[in-house]
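Every number for a ligand or one of its atoms is a count from 1 in the order of the listing.
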Amino acid sequence: MACTLETFCDDARAILRSDPGPAGVERVRRKMESLIRDGEFVEKYFHGGVEYGPRRLYVDPELGFEVLGYRAGKDRTSPAHDHGDSWALYGQVRDYTEMTEYNRLDDGSDPENAKLEVKSKYKLESGQVGTYWGSRLHSTYTPAECCYLRVTGTDLEKRPRVRIDQNTGSILK
Ligand SMILES: [Fe+2]
């Protein structure tokens, strides 16, 4: 059976309703792998004419999880950031995302500066989905024209989150 955005969202709702913890999110991650590898889904939501930037494709009215599609208009490196008290699944649809994960070495007492060390650096390739929990600091490099699908447990923009310039350690407001 084809995996569509609608069947994915129905499955994710059923899974997360019964298990919103790591095991449930892992089951959603595997469903998302099937979705982003489905040619019809990719053609419908990531064809060459879709707008650049983020597009909100679905918000679940009951549980609040969100599905965003993203097409990069130019190369971009994000600041290091976390996902507050939520989680995110990044599913690479086209090209790749370079992920860098960090350990925070300071004790958080300085409101303006942090000290980070790189923990790992790797590429999420087309067809792969990575899970990023709450306080796990990471930054992304996305080349122009890469496309990805992001599923988050909630609307991240409404949650307090940490953003840090990974080059200087400055905490961004
Ligand atoms: Fe993120």
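- Protein contacts to the Fe ion (ligand 1) involving N, O or S atoms at a distance below 2.8 Å are His81 NE2, His83 NE2, Tyr90 OH, His138 NE2.
- Between atom CD1 of residue Ile15 and atom CZ of residue Arg29 there is a gap of 12.0 Å, rounded to the nearest 0.5 Å.
- Glu6 and Tyr58 are not linked by any side-chain donor-acceptor pair at a separation below 3.5 angstrom, with hydrogens and angles left out of the test.
- Of the inter-residue distances, the one linking Asp60 atom CG with Arg13 atom CZ reads 4.5 Å to the nearest 0.5 angstrom.
- Put simply, the side chain of Gln166 gets close to the backbone of Ala80: a donor and an acceptor are under 3.5 Å apart.
- With respect to His81, the side chain to side chain donor-acceptor pair (under 3.5 Å) criterion is satisfied by exactly one of Arg163, Arg136, His138: His138.
- Between His83 and Tyr132, the ring planes lie perpendicular to each other; the angle is over 60°, past the 30° to 60° tilted range.
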